Amino acid sequence: AEMAAVLEIEGLRKTYRSRRRGTRQALDGFDMRVEAGQVHGFLGPNGSGKTTTLRTLLGLIRPNGGRMAILGQEVPAALPSVAGQVGAIVESPQFFPHFSARDTLSLLAGAGGVPQTRVMEVLELVGLRERAKDRVKTYSLGMKQRLAVASALLKNPKLLILDEPANGLDPGGIREMRSLMRDLAASGMTVVVSSHILGEVQLICDSVTIISLGRRVAAGPVAEVLAEHSGNGLRVRLE
Ligand code: ATP
């Protein structure tokens, strides 16, 4: 039997209508499938529909059509029951600069009904244990991004969704984010990471879905997809 996908999207459609920007079809029958234990790259140029897809998946936007399932359960209907198994960062979280990382996570754990013992565990996972007592304002951007990942890991999710986690990071920060994602996948977590940078996805991911103009244009193991599409000049222009 075919193994159940951690994430399945079929024929997803979303049209934005605004007075200022008019009508815009952001997703035009988009498909995506992610298997367990993968770091899956969600690759496409700016404006191709990545953020819309991720926000729709998390129930923040209502689609106009199509279906989605997380861990075999239809969303958004089943979101309340799968929510505890999904960690997501779809916009840069704002932390109180005068709080330490530990206090920040301690508050979030308290609010989310997560045991306080989990706080130092997740700080260890993201490599911030040594800096746990330092105020967030002393953190680099890369450390703040990893603190954001730590906050998404509090619930020990099966699926972690990150929208452009490497955005704005220097090469060292990108390396650390990359090894963090590899470690999480090695521990059995499934990670979906969006990016508009081909090289980044190549370095980080096992498999990839490429989106352009709200449609899937390629998907599969990262090496295969990139080999197949580099010759004919990837219809998608990235960066
Ligand atoms: P980026 O990397 O820039 O976030 P993206 O791939 O995530 O790009 P989306 O943000 O999903 O793309 O945007 C897809 C399309 O929908 C774009 O053309 C965008 O201009 C449009 N769009 C997004 N949000 C809205 C909105 N609230 N109202 C109208 N149009 C929108």
Side-chain angles (χ1 to χ4, degrees), residues 39 41-43 46-47 50-61 79 83-187 189-197 199-201 203-205 239:
V39 178
F42 185 18
L43 184 67
N46 287 323
K50 301 182 300 293
T51 301
T52 299
T53 301
L54 299 181
R55 292 180 64 87
T56 304
L57 203 54
L58 298 169
L60 303 171
I61 293 176
L79 261 183
Q85 296 175 295
V86 182
I89 306 171
V90 290
E91 50 216 23
S92 325
Q94 299 298 310
F95 296 118
F96 294 117
H98 298 288
F99 276 34
S100 69
R102 192 180 60 179
D103 291 346
T104 301
L105 293 187
S106 185
L107 256 177
L108 292 172
V114 172
Q116 291 295 328
T117 49
R118 182 74 182 146
V119 169
M120 288 311 287
E121 276 174 31
V122 295
L123 285 170
E124 170 92 51
L125 280 173
V126 304
L128 290 174
R129 180 175 247 285
E130 306 291 309
R131 297 289 305 272
K133 291 184 191 165
D134 295 337
R135 293 175 186 213
V136 172
K137 71 171 189 179
T138 67
Y139 277 27
S140 67
L141 180 63
M143 293 167 72
K144 285 181 193 156
Q145 308 263 73
R146 282 185 284 133
L147 178 58
V149 174
S151 72
L153 292 176
L154 280 171
K155 293 178 296 182
N156 195 17
K158 292 205 168 82
L159 170 63
L160 180 67
I161 297 174
L162 306 173
D163 196 8
E164 305 257 4
N167 230 358
L169 298 187
D170 60 21
I174 292 175
R175 256 195 315 276
E176 278 162 357
M177 185 60 76
R178 191 195 308 155
S179 87
L180 170 57
M181 287 190 267
R182 299 265 27 127
D183 288 351
L184 294 173
S187 78
M189 198 173 287
T190 306
V191 183
V192 173
V193 48
S194 83
S195 176
H196 61 280
I197 302 170
E200 197 171 278
V201 164
L203 287 171
I204 295 175
C205 301
E239 291 188 73

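Model, not experiment: these values are computed from the prediction.
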If I compare all heavy atoms of [X] with all of [Y], which pair ends up nearest, and what's the gap?
X: G41; Y: V201; result: CA-CG1, 4.3 Å
X: R118; Y: L125; result: NH2-CD1, 4.2 Å
X: A132; Y: L123; result: CB-CD1, 3.8 Å
X: R178; Y: I204; result: CG-CG1, 3.3 Å
X: K144; Y: Y139; result: CE-O, 3.7 Å
X: P157; Y: V86; result: CB-C, 3.7 Å

With no hydrogens and no angle check, is any side-chain donor or acceptor of [X] less than 3.5 Å from a backbone partner on [Y]?
X: K155; Y: A83; result: yes
X: T56; Y: T52; result: yes
X: Q145; Y: M177; result: no
X: R146; Y: V126; result: yes

Requested in this report: Go through the structure and list residues passing side-chain hydrogen bond (donor to acceptor under 3.5 Å, both in side chains) with T190, not counting sequence neighbours.
Outcome: none
**Report entry** For D103, all residues meeting side-chain hydrogen bond (donor to acceptor under 3.5 Å, both in side chains), sequence neighbours excluded
**Finding:** S100
For the [atom1] atom of [X] and the [atom2] atom of [Y], what is their distance to the nearest 0.5 Å?
X: S187; Y: L153; atom1: OG; atom2: CG; result: 8.5 Å
X: I161; Y: L54; atom1: CD1; atom2: CG; result: 6.0 Å
X: D170; Y: L141; atom1: CG; atom2: CG; result: 8.5 Å
X: L169; Y: N167; atom1: CG; atom2: CG; result: 8.0 Å
X: L180; Y: R175; atom1: CG; atom2: CZ; result: 14.5 Å
X: M120; Y: Q116; atom1: CE; atom2: CD; result: 12.0 Å

Would you mind reporting whether [Y] and [X] have side-chain heavy atoms less than 4.5 Å apart?
X: L147; Y: M143; result: no
X: V114; Y: L108; result: no
X: V136; Y: H98; result: no
X: R135; Y: P97; result: no
X: F42; Y: V193; result: no
X: V90; Y: L60; result: yes
X: V149; Y: I89; result: yes
X: L159; Y: M189; result: no

Report task. Take R102 and V119 through the side chain to side chain contact (heavy atoms under 4.5 Å, CB included) test and state the conclusion after the steps. Result -> CA-CA 7 Å; R102 192 180 60 179; V119 169; 3.9 Å; yes
Query raised in the report: Going by atom types alone, do S195 and E164 pair a side-chain donor with an acceptor below 3.5 Å?
Result: no
**Report entry** Derivation of the side chain to side chain contact (heavy atoms under 4.5 Å, CB included) call for L162 and M181
**Finding:** CA-CA 10 Å; L162 306 173; M181 287 190 267; 4.0 Å; yes
Requested in this report: Give the C-alpha distance, both sets of side-chain angles, the deciding distance and a yes or no for side chain to side chain contact (heavy atoms under 4.5 Å, CB included) between L154 and E121.
Outcome: CA-CA 9 Å; L154 280 171; E121 276 174 31; over 6 Å; no
